[in-house]
Amino acid sequence: MDRARELLAKFNSRFRSTAKVYRAPGRVNLIGEHTDYNDGFVLPAAIGFSCWVAIGPREDRKLVLYSENFDESVEADLDNLKVHATGKWADYPLGVAWALEQEGYRLRGANIYILGEVPLGAGLSSSAAVEVSTGFALLDLANHSIELSKLALLCQRAENEFVGARCGIMDQFVSCHGRAGNILLLDCRSLESRLLRLPPDVDLVICNTMVQHKLGTSEYNVRRTECEEGVSQLSRRLPGIRALRDVSIVDLETHREVLSNTVYKRCRHVITEIMRVREAASAFESGEIGILRRLMADSHRSLRDDHEVSCPELDVMVELAMHQAGVFGARMTGGGFGGCTINLVSAAESDAFCKRVAQGYKAATGYHPNIYVCKASQGAEMVESGEIESGVQSQ
Ligand code: GLA
């Protein structure tokens, strides 16, 4: 049975009614890390792991959420949704319901069954996948139509204000707008985006280090504050700048003395990374992807040494990848402090790549890595709207 029919059956056996099924994917970022919250550019792709949501209406104004991953139910009242993060999975769907209602979208009470297949805590945006799929489902159930970019912004608001993670717009945007076979060049200031074709003989190979260092979210928020501090100090010399996006590397070097060494390094990462995204996008456009090897290596180094968001396990994984045949580029991906690397690998070599990197990583760290060979995939969609005979049991 395919995933959507499976979800309908499970929903039916739990809630004894019919449902519609929605899906939104996780993502991987090829280059442009920690640039989104600086109004910069990013180059992500949606991946073939999604969060699946089955939803059916209720007569009252309650949300009854069930997560299969956590085998737990949570109830909330749409008339009494308060910003009250608990640190648990339900913060994400409830945060989205809150953000939609705040924006004036009156929702309906609903039963919701959630099944996430994006690996959790791996830096592949399982949270954006939950937010976007739930938001999409809640809006459709209440007959609201919405522009996908607006849905992405409201999901980001849920994460910023309800969950308390000050993430940028990249993850939610690509979960909404991803296209099969394409990466997305996104201008995080204007939200203009362009699809760039990923050569069909190149696989996106994602290597999960299987570690997630605890300080992740708080250090992420610190990086944002440091970048804001950089803008605030530099604006004394460069009036009119709004974000690090507006500062050139020459400007940064010229006015370096107004910054602490740490803030200078954070700014240098962001400014050079934005330059690398532009170069990478041109390389994809002209089909000359050989240059990605250097760009991705520089990106990793800059994230490790200037932004200081890598960790030994990510560094080992990248180092191993760079020695394999058929590799067009390798670097850490996502917020950092553990999680995954992204590797562009010739499809003909990806099996051998996975085997050798897994062996090398196990030998170096003792962890057995999960490695996923992905293609760029499709963004959020309604996948199934159907009756299923009552009484069907879950499989
Ligand atoms: C996390 C955030 C994104 C982005 C990346 C780093 O995934 O959710 O908004 O900032 O980190 O590029």
Side-chain angles (χ1 to χ4, degrees), residues 3-4 7-8 10-12 14-15 17-26 50-70 72-86 88-116 118 125-163 167 169 171-173 175-177 379-386:
R3 193 56 110 197
L7 218 70
L8 274 183
K10 286 176 167 174
F11 181 95
N12 179 266
R14 173 162 287 269
F15 295 112
S17 68
T18 59
K20 288 185 177 179
V21 179
Y22 300 78
R23 177 193 71 76
S50 289
C51 178
W52 299 75
V53 164
I55 191 166
R58 295 176 57 91
E59 291 314 314
D60 55 18
R61 293 259 300 154
K62 271 193 197 159
L63 291 181
V64 178
L65 308 162
Y66 173 74
S67 160
E68 181 172 316
N69 301 71
F70 294 90
E72 189 181 36
S73 282
V74 166
E75 278 192 29
D77 184 348
L78 278 170
D79 291 321
N80 194 23
L81 281 177
K82 294 204 183 71
V83 176
H84 173 62
T86 60
K88 293 187 10 176
W89 65 272
D91 291 348
Y92 298 94
L94 291 179
V96 169
W98 169 85
L100 292 172
E101 286 260 336
Q102 289 283 308
E103 189 65 15
Y105 293 97
R106 190 171 164 83
L107 302 176
R108 287 188 69 172
N111 296 320
I112 301 181
Y113 190 109
I114 302 174
L115 171 59
V118 185
S125 288
S126 55
S127 47
V130 172
E131 291 156 8
V132 172
S133 52
T134 315
F136 204 133
L138 284 168
L139 286 167
D140 211 26
L141 186 73
N143 285 321
H144 295 297
S145 59
I146 191 171
E147 218 253 301
L148 280 177
S149 300
K150 183 158 188 201
L151 174 59
L153 284 165
L154 289 171
C155 289
Q156 182 198 15
R157 179 170 177 205
E159 194 152 340
N160 289 171
E161 295 179 29
F162 195 100
V163 178
C167 67
I169 188 62
D171 306 349
Q172 293 80 5
F173 193 94
S175 183
C176 284
H177 287 285
E381 59 187 353
M382 201 243 282
V383 273
E384 181 79 58
S385 152

Subject >> Charged tip of Arg14 within 45° of Tyr66 ring normal and under 6.0 Å >> reply: yes

Original post:
Just wondering, more than 12 heavy atoms not from His144 lying within 6.0 Å of its NE2?
Top reply: yes

Original post:
In Å, rounded to the nearest 0.5 Å, how long is the span from OH of Tyr92 to SG of Cys155?
Top reply: 12.5 Å

Original post:
Between the main-chain N or O of Leu107 and the side-chain N or O of Arg61, is there a donor-acceptor pair closer than 3.5 Å?
Top reply: yes

Original post:
Heavy-atom distance under 4.5 Å between the side chains of Arg3 and Val383, does that happen here?
Top reply: no

Original post:
Between Cys176 and Val132, what is the shortest heavy-atom contact and its length?
Top reply: SG-CG1, 3.7 Å

Subject >> Atom pair CZ/CD1 of Phe15 and Ile55 - distance to nearest 0.5 Å >> reply: 10.0 Å

**OP:** Write down the atom of Tyr113, the atom of Lys10, and the distance for their closest heavy-atom approach.
**Re:** OH-CD, 3.4 Å

Subject >> Verdict with reasoning, Thr86 to Val74, per side chain to side chain contact (heavy atoms under 4.5 Å, CB included) >> reply: CA-CA 12 Å; Thr86 60; Val74 166; over 6 Å; no

Subject >> Chi angles and distances behind the side chain to side chain contact (heavy atoms under 4.5 Å, CB included) call for Asp171, Glu131 >> reply: CA-CA 10 Å; Asp171 306 349; Glu131 291 156 8; over 6 Å; no

Subject >> Phe162 versus Gly95, closest heavy-atom pair with distance >> reply: CG-CA, 3.4 Å

**OP:** Please report the closest heavy-atom contact between Val21 and Ala54, naming both atoms and the distance.
**Re:** CG2-CB, 4.1 Å

Subject >> Step-by-step side chain to side chain contact (heavy atoms under 4.5 Å, CB included) determination, Lys20 to Phe11 >> reply: CA-CA 10 Å; Lys20 288 185 177 179; Phe11 181 95; over 6 Å; no

Subject >> Residue that, paired with Arg58, satisfies side-chain contact (heavy atoms from CB on, under 4.5 Å) out of Leu141, Ile112, Asn111, Leu78 >> reply: Asn111

Original post:
What's the shortest heavy-atom distance between Ser133 and Ala24, and which atoms?
Top reply: N-CB, 3.6 Å

Original post:
So how far is it from Cys167 SG to Asn160 CG, rounded to the nearest 0.5 Å?
Top reply: 5.0 Å

Original post:
Which heavy atom in Ala76 sits nearest to a heavy atom in Leu81, and how many Å separate them?
Top reply: CB-CD2, 4.1 Å

Original post:
Any side-chain heavy atom of Glu161 within less than 4.5 Å of one from Trp98?
Top reply: yes

Original post:
Once you round to the nearest 0.5 Å, how far does CG of Leu148 lie from CG of Leu153?
Top reply: 11.0 Å

Subject >> Check against side chain to side chain contact (heavy atoms under 4.5 Å, CB included), Leu65 and Leu94 >> reply: CA-CA 9 Å; Leu65 308 162; Leu94 291 179; 3.7 Å; yes

Original post:
Is the side chain of Ser175 donor-acceptor paired with the backbone N or O of Gly26 at a distance under 3.5 Å, no angle test?
Top reply: no

Subject >> Separation of Phe70 CZ from Trp89 CH2 (nearest 0.5 Å) >> reply: 8.5 Å

Subject >> Flag, side chain of Arg23 to backbone of Gly379, donor-acceptor distance under 3.5 Å >> reply: yes

**OP:** With rounding to the nearest 0.5 Å, note down the distance linking CD in Gln172 to OG in Ser125.
**Re:** 7.0 Å

